[in-house]
A.B. asks: 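One structure is given below, represented as structure tokens, and several questions about it will come after.
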Amino acid sequence: MFKKFVVLGLMAFSLAACSKPPAKEQVQAAVKKFIPVNFEVLQLSELKEIPGLYEVVISVNQQPVVLYVDKKAKYVLSGNVMSVENKANLTLETQKKFQKK
């Protein structure tokens with residue numbers, strides 16, 4: 001019985017470790033390879049809808065740009081993420097929030 005709790009505890013710990021977001025500096029270095037201008041990382045958060053995918057909001061010339069990275073910032077995705085269920089454009093919603101600031 002004790003072994004089961006230890007195994008379950010280790011599994012929970014390893015799953016939590018897997019969901020650790022990439023460091024802001026790591027994301028900035030990855031994005032800098034594609035956008036070679038000065039920019040600021042405004043937000044980095046995991047998409048609750050797609051575990052393991054992180055939404056990154058950067059400011060380029062005071063304009064918000066929404067990108068996506070994996071947990072190691074080895075891949076940078078550009079484009080819209082849309083929910084089939086509620087027909088929402090998640091990328092556009094995030095961009096609008098930052099345009100109002």
A.B. asks: Taking Glu46 for the side chain and Gly52 for the main chain, is one N or O donor matched with an acceptor at less than 3.5 Å?
C.D. replies: yes
A.B. asks: State plainly whether one hydrophobic cluster holds both Leu77 and Phe98, where clusters connect Ile, Leu, Val, Met, Phe, Trp and Tyr through side-chain heavy atoms under 4.5 angstrom apart.
C.D. replies: yes
A.B. asks: What about Val76 and Val60, same hydrophobic cluster or not, with Ile/Leu/Val/Met/Phe/Trp/Tyr joined at side-chain heavy-atom distances under 4.5 Å?
C.D. replies: yes
A.B. asks: So how far is it from Glu93 CD to Lys96 NZ, rounded to the nearest 0.5 Å?
C.D. replies: 8.0 Å
A.B. asks: I need the Ile58 CD1 to Asn38 CG distance, nearest 0.5 Å.
C.D. replies: 11.0 Å
A.B. asks: Do Leu90 and Ile50 belong to the same hydrophobic cluster, where Ile, Leu, Val, Met, Phe, Trp and Tyr are linked whenever their side-chain heavy atoms lie under 4.5 Å apart, directly or via other members?
C.D. replies: yes
A.B. asks: Return a table of donor-acceptor pairs under 3.5 angstrom between the side chains of residues 80-88 and protein atoms on other chains or two or more places apart.
C.D. replies:
unit_1	atom_1	unit_2	atom_2	d
Ser83	OG	Glu85	N	3.4
Ser83	OG	Asn86	N	3.3
Ser83	OG	Asn86	OD1	2.8
Asn86	OD1	Ala88	N	3.1

A.B. asks: Nearest heavy-atom pair of Leu53 and Val69: which atoms, and what distance?
C.D. replies: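 Smallest interatomic distance, heavy atoms only, reads CD1-O, 3.6 Å.
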A.B. asks: Can you name the side chain to side chain donor-acceptor pair (under 3.5 Å) partners of Ser45, sequence neighbours left out?
C.D. replies: Gln43
A.B. asks: Measure the spacing between CG of Leu42 and NZ of Lys97 and express it to the nearest 0.5 Å.
C.D. replies: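 Here the rounded value is 13.5 Å.
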A.B. asks: Give the minimum heavy-atom separation between Lys72 and Gln26, together with the two atoms involved.
C.D. replies: O-NE2, 2.9 Å
A.B. asks: Could you see if Leu92 belongs to whatever hydrophobic cluster contains Leu47? Use Ile, Leu, Val, Met, Phe, Trp, Tyr and a side-chain cutoff under 4.5 Å.
C.D. replies: no
A.B. asks: Pairs under 3.5 angstrom only: tabulate donor-acceptor contacts from the side chains of residues 61-68 to other protein residues two or more places apart or in another chain.
C.D. replies:
unit_1	atom_1	unit_2	atom_2	d
Tyr68	OH	Glu55	OE2	3.4
Tyr68	OH	Thr91	OG1	2.5

A.B. asks: Which atoms form the tightest heavy-atom contact between Lys71 and Lys20, and what is the distance?
C.D. replies: CB-O, 4.1 Å
A.B. asks: If you look only at distance, which donor and acceptor atoms sit under 3.5 Å apart when one is on a side chain in residues 27-35 and the other is two or more places apart or in another chain?
C.D. replies:
unit_1	atom_1	unit_2	atom_2	d
Gln28	NE2	Phe39	O	3.4
Lys32	NZ	Val37	O	2.9

